[in-house]
Amino acid sequence: MSRALCLPLLAALAACAGTAPDTEFLASKKSALELRAAQTRLVPGDADTVMRGTIATLQDLGYRITRVEPGAGDVSATRQTSLRMAVIVQPRSPTESVVRANATIVDLRREAQVDSPVFYQQDFFDPLGATLGRSLAEVPPDIAAPDPIRPAAEGTARKQPDQAAPHPAPTTSQTGTQTQ
Amino acid sequence: MRAAPRLAFVLISSACLAACQTGDSNWANREALRIGAPRPDIAQIRERQTARFHVASEEQLLAEATQVLQDLGFTIEESAPRYGVLAGSKDRDATEVGQVAGQVALAVGLAILGVGYSPVWDTDQVIRATLTTRPLGAGEVSLRISFERVVTNNQGRSFAEELTAPEFSIGFFEKVRSGLARGDEG
């Protein structure tokens, strides 16, 4: 066989092996609408009550809390060492809140967004509904939902000082992009 | 090389390269479903980790719980009284002399046999605590404390172990009750 064929193939295989960056973030390839449908629910209850229920649910599921931002209405948590979850709770009315959960899996050199609807339903929203004793509903397309946020690990520096500010108004973004 | 085997080689190699580039795109979902499943004994664990206290306010209980964690050597990393949640950690050197010696002996023995082996032992250990409170009404507040041990080895890999045995939380609750009682007397 000609060396002209072997050498480029070997070089390409070697390139596959080890040129990854330190931590590569792999966002979901699903559409923003698909991701929104999987990650977001309408929850009966004021935002503080729902956030308390969220934190209790995460603790029930074996997560440890890594970051709480009362001003932004979000919480981050980690289960074992590799499953991270960020949940943002935004008020829609005094008696209803919009909850968006976003999970990632962290490997040695990569962090990948979880986009399985089954995961969010059975491993977060069902337990949240049980904790609150309420039924959760899908968020209709005409209701604003927050963008997903990337979970914060322990020791991650805050972007802004922690303030007891009112919850921000719900966004109208339909993108599935990560914000941090 | 004849034409047919050469073509087969090229096709197989191309397929391997393609797989190398895309990887298994569903690995994150599989891992999340594996790790994230609710525990079957969730109710029993919750009961072991939760106690009720008669206090003037949730804030009083949180303040006392914060003090107890700090007295135990924990650093408070997150605190949100608005939601009744605290999180803290305590570092401990996880290195055990016996573990290190055993691993090194194993590496030496295998090397004599011509087998390569990288010794592995635990180096760092962090105990993490998550504490939540919930007002129950009529001067009663529930408190839940969960502990977890995160161990890192000399190769940089970490694993976590939930500490769900009753003695971890019972000891903590006793200290909180003592502190509240001292506060009432004082």
Side-chain angles (χ1 to χ4, degrees), chain A residues 1-2 5-6 9-10 12-13 15-17 26 28-29 48 51-52 54-70 75-83 85 103-108 110-116 118-120 122-124 126-127 130 154-155 162 164, chain B residues 1 5-6 9-10 13-14 16-17 19-21 23 25-39 42-43 45-46 49 77-87 89 126 128-135 144-148 150-152 156-162 164:
Chain A
M1 171 154 185
S2 81
L5 193 57
C6 284
L9 279 173
L10 286 172
L13 283 169
C16 274
L26 305 170
S28 169
K29 290 180 170 52
D48 279 6
M51 177 56 88
R52 281 177 174 260
T54 295
I55 292 170
T57 299
L58 290 170
Q59 192 175 25
D60 248 0
L61 291 170
Y63 289 80
R64 60 183 182 275
I65 303 300
T66 55
R67 173 67 56 82
V68 187
E69 299 277 7
V75 58
S76 291
T78 299
R79 185 165 177 187
Q80 294 190 6
T81 56
S82 55
L83 176 58
M85 176 98 76
T104 61
I105 285 285
V106 180
D107 202 338
L108 270 180
R110 53 187 178 172
E111 181 177 358
Q113 188 176 19
V114 177
D115 60 17
S116 160
V118 173
F119 168 80
Y120 288 106
Q122 73 182 20
D123 295 345
F124 180 67
D126 282 347
E154 288 106 348
D162 200 16
Chain B
M1 184 184 276
R6 179 187 298 176
F9 176 82
V10 170
S13 302
S14 300
C16 290
L17 281 172
C20 188
Q21 294 298 318
S25 59
N26 209 33
W27 68 273
N29 287 336
R30 276 204 311 279
E31 274 301 284
L33 286 163
R34 183 182 68 81
I35 299 170
R39 299 171 288 188
I42 197 171
I45 293 174
R46 185 194 308 128
Q49 296 178 340
E77 295 175 333
E78 289 296 315
S79 173
R82 177 175 174 175
Y83 301 137
V85 61
L86 283 176
S89 69
V126 178
R128 296 197 179 276
T130 295
L131 183 147
T132 56
T133 55
R134 183 168 65 100
R144 179 175 184 178
I145 182 101
S146 51
F147 293 101
E148 189 174 47
V150 181
V151 180
T152 304
R157 296 205 74 107
S158 299
F159 70 90
E161 175 192 2
E162 292 178 55
T164 58

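Below, chain A is the first sequence line, B the second, and so on; all start at residue 1.
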Counting only heavy atoms from other residues, nucleotides and ligands, does the tally under 6.0 Å from CZ of B:R134 exceed 12? no
Over all atoms of both residues, closest heavy-atom pair of B:L33 and A:S116: CD1-OG, 4.1 Å
Max heavy-atom pair count under 4.5 Å with chain A, selected residue of B:S146, B:A37, B:A80: B:A37
Consider side chain to side chain donor-acceptor pair (under 3.5 Å). Of A:R79, A:R64, A:Q80, which one does B:E148 pass it with? A:R64
Are any side-chain N or O atoms of A:R52 and backbone N or O atoms of B:T133, one a donor and one an acceptor, separated by less than 3.5 Å? yes
Do the side chain of B:E78 and the main chain of A:V68 share a donor and acceptor less than 3.5 angstrom apart? yes
Under 4.5 Å from a heavy atom of chain B, the part of A:L26 involved: side chain
Structural part of A:V118 lying under 4.5 Å from a heavy atom of chain B: both
Would you mind checking which part of B:E31 comes under 4.5 Å of any heavy atom in chain A, side chain (CB onward), backbone (N, CA, C, O), both or neither? both
Need one label for B:I35: side chain, backbone, both or neither, based on atoms under 4.5 Å from any heavy atom in chain A. both
With no hydrogens and no angle check, just 3.5 Å: does a side-chain donor-acceptor pair link B:T130 and A:Q59? no
To the nearest 0.5 Å, how far apart are OG1 in B:T132 and CD1 in A:I65? 8.5 Å
If you round to the nearest 0.5 Å, how far is OG1 of A:T54 from OH of B:Y83? 9.5 Å
Residue from A:D123, A:T78, A:L83 scoring the most non-hydrogen pairs under 4.5 Å with chain B is A:D123
B:R144/A:D60 ion pair, N-O < 4.0 Å: yes
Any chance you could lay out the side chain to side chain contact (heavy atoms under 4.5 Å, CB included) test for B:R30 and A:F119, step after step, and finish with the verdict? CA-CA 9 Å; B:R30 276 204 311 279; A:F119 168 80; over 6 Å; no
